[in-house]
Number of protein chains: 2
Amino acid sequence: MPQVRPMRADARRNYERLLKAAVAAFAEHGENASLDDIAKRAGVGAGTLYRHFPTRQELLEAAYVDHFQALGARAGELARELSPGEALMAWLNELCVATIQVRGLKSLLGSAVADGGSVARTACGASVQGAAARLVEAAQQEGVLRADLEPIEVLRLAHGVATASELADGQGREIQRYLTLLVEGLRPQQAGG
Amino acid sequence: MPQVRPMRADARRNYERLLKAAVAAFAEHGENASLDDIAKRAGVGAGTLYRHFPTRQELLEAAYVDHFQALGARAGELARELSPGEALMAWLNELCVATIQVRGLKSLLGSAVADGGSVARTACGASVQGAAARLVEAAQQEGVLRADLEPIEVLRLAHGVATASELADGQGREIQRYLTLLVEGLRPQQAGG
DNA sequence: ACCTGAACACCGTTCAAGT
DNA sequence: ACCTGAACACCGTTCAAGT
């Protein structure tokens, strides 16, 4: 393990200023917020931004790492409070709400579940995938979820539900309905089902 | 009805060149292809592009109108060849394939089913929505599709399935599987269902 | 009525010079 | 080792001048 050298004081301060400015800018303008503007807001040169965050993706991940961790932690809470099936549904619902309502988060969540996505093994992707794996497996053992589903497939389908809900009203009032449709299927329900 | 004045000969020629260049550029670089490059390829000034197509969206719609009409026509063919349930499934499958595989088409299909989308009442949006309405209603009358579904909801969910499939492999090998999951639901299948 | 292309504003990215 | 900010390339959009 190579020692991680501590940052020089000015570097550390600039890093934190950049992160703070990025969080604000992404929240305000979405994932395509101007990098130049972020550097300006942080009071640093453009080159300094690139030194700390060579790609927009890396800056996005750093800006949203708290959200990802919160989603992961939330899975544990729900698993303690609810039955496996209910916990999975409740968590997917919150995931979809965050996907739509937290500006800039959607593309990051998308790449966290994309095939070969660069985020897949970062802290961000890992926490969401780990949470999904635990909830999905518990629901499968209870027999309330198809056994042939991979956790990442459930995440991808939830991303699809969020996308569909976003098309419906841009806010997320249809998330519950579309999630239910996904779980129950589009075929007519059996009487007494 | 105001008479539509025929275009001046040079204007008409430029319009067609722009459209041809746009089709090629969108196919090559996706929906964000450079407008400046399109004008250059067409051999016209940038201003001429804006005169004919004031927004990127309008140029996109013009470039993909054939695809939309083909999708609409395809619904009729499938309705003649298959049962209502099968026709709907087959058409949604083709729709998802086009969503993923035809470069530049996805965002246009998205806005065609978005709430209050500007495309909703253009020829593009109308042909897809009309096709979906006929297939959905036929399937509902056969009793193979939930009666509480609006056609546009089915289109939105299909867009979600396409998105999920795109995350899976970028091509569409999972479309059939994810569509089936949507129709049958994520709950375990009943024995003999 | 339509076209051209220069002009402007904005953004991402790099890099020489500075500390 | 890190920072600054000018420089470059690229793009979208507008508009004065031209036919």
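Letters A, B, ... are given to chains in the order of the sequence lines, protein chains preceding strands, and every chain is numbered from 1.
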Side chain of A/A46 (C-beta onward), nearest among C/dT14, C/dC3, D/dC3: C/dT14
From CZ of B/F53 over to P of D/dG12, roughly how many Å is that when rounded to an integer? 15 Å
If you measure only the distance, is there a donor-acceptor pair under 3.5 Å linking the side chains of A/S83 and A/E142? no
Across all strands shown, which nucleotide pairs with C/dA9 by Watson-Crick or G-U wobble geometry, both distances under 3.5 Å? none
Kindly indicate, with the supporting measurements, whether the criterion salt bridge (Lys or Arg N to Asp or Glu O under 4.0 Å) is fulfilled by B/R177 and A/D148. CA-CA 11 Å; B/R177 169 165 167 79; A/D148 63 346; 3.7 Å; yes
Roughly, in whole Å, what's the span from CG in B/L60 to P in D/dG12? 12 Å
Just to confirm, is there a sub-4.0 Å distance from OP1 or OP2 of D/dC3 to any side-chain nitrogen or oxygen of A/N14? yes
Among D/dT14, D/dC3, C/dA1, the one nearest any side-chain atom of B/Y50 is D/dT14
Give a yes/no on whether any side-chain N or O of A/H52 is located under 4.0 angstrom from OP1 or OP2 of D/dC2. no
Roughly how many Å is it from NZ in A/K40 to C1' in D/dC3, rounded to a whole number? 15 Å
Checking base pairs now: Watson-Crick or wobble, both atom distances under 3.5 Å. What partners D/dA16? C/dT4
Report the distance from atom CZ of B/R51 to atom P of D/dT13, rounded to the nearest whole Å. 17 Å
Could you state the atom-to-atom distance from CE of A/M7 to P of D/dA1 in whole Å? 13 Å
So A/R74 and A/E77, salt bridge (Lys or Arg N to Asp or Glu O under 4.0 Å) or not? Walk me through it. CA-CA 5 Å; A/R74 195 69 188 119; A/E77 295 174 23; 2.5 Å; yes
Over how many whole Å does the gap from B/H29 atom NE2 to D/dC10 atom P extend? 13 Å
Give me the one residue out of B/N93, B/L92, B/L182, B/T99 that meets side chain to side chain contact (heavy atoms under 4.5 Å, CB included) with B/V161. B/L182
Nearest-Å distance for atom pair CG/C1', residues A/D36 and D/dA9: 14 Å
A/L35 has a side chain; which of D/dG12, C/dC3, C/dG12 sits nearest to it? C/dG12
Taking the side chain of B/R8 as heavy atoms from C-beta outward, which of C/dA1, D/dG12, C/dT13 is closest to it? C/dA1
List the steps and the verdict of side chain to side chain contact (heavy atoms under 4.5 Å, CB included) for A/Y178 and B/E153. CA-CA 9 Å; A/Y178 290 173; B/E153 290 184 306; 3.5 Å; yes
Any side-chain N or O of B/S34 below 4.0 angstrom from OP1/OP2 of D/dC10? no
Looking at the side chain of B/T48, which of D/dC3, C/dT13, C/dC3 is the nearest nucleotide? C/dC3
On DNA chain C, check which nucleotide each of A/G47 and B/D10 is closest to and give me the residue with the more 5' one. B/D10
Could you check how far CG of A/L49 sits from P of C/dC15, rounded to whole Å? 17 Å
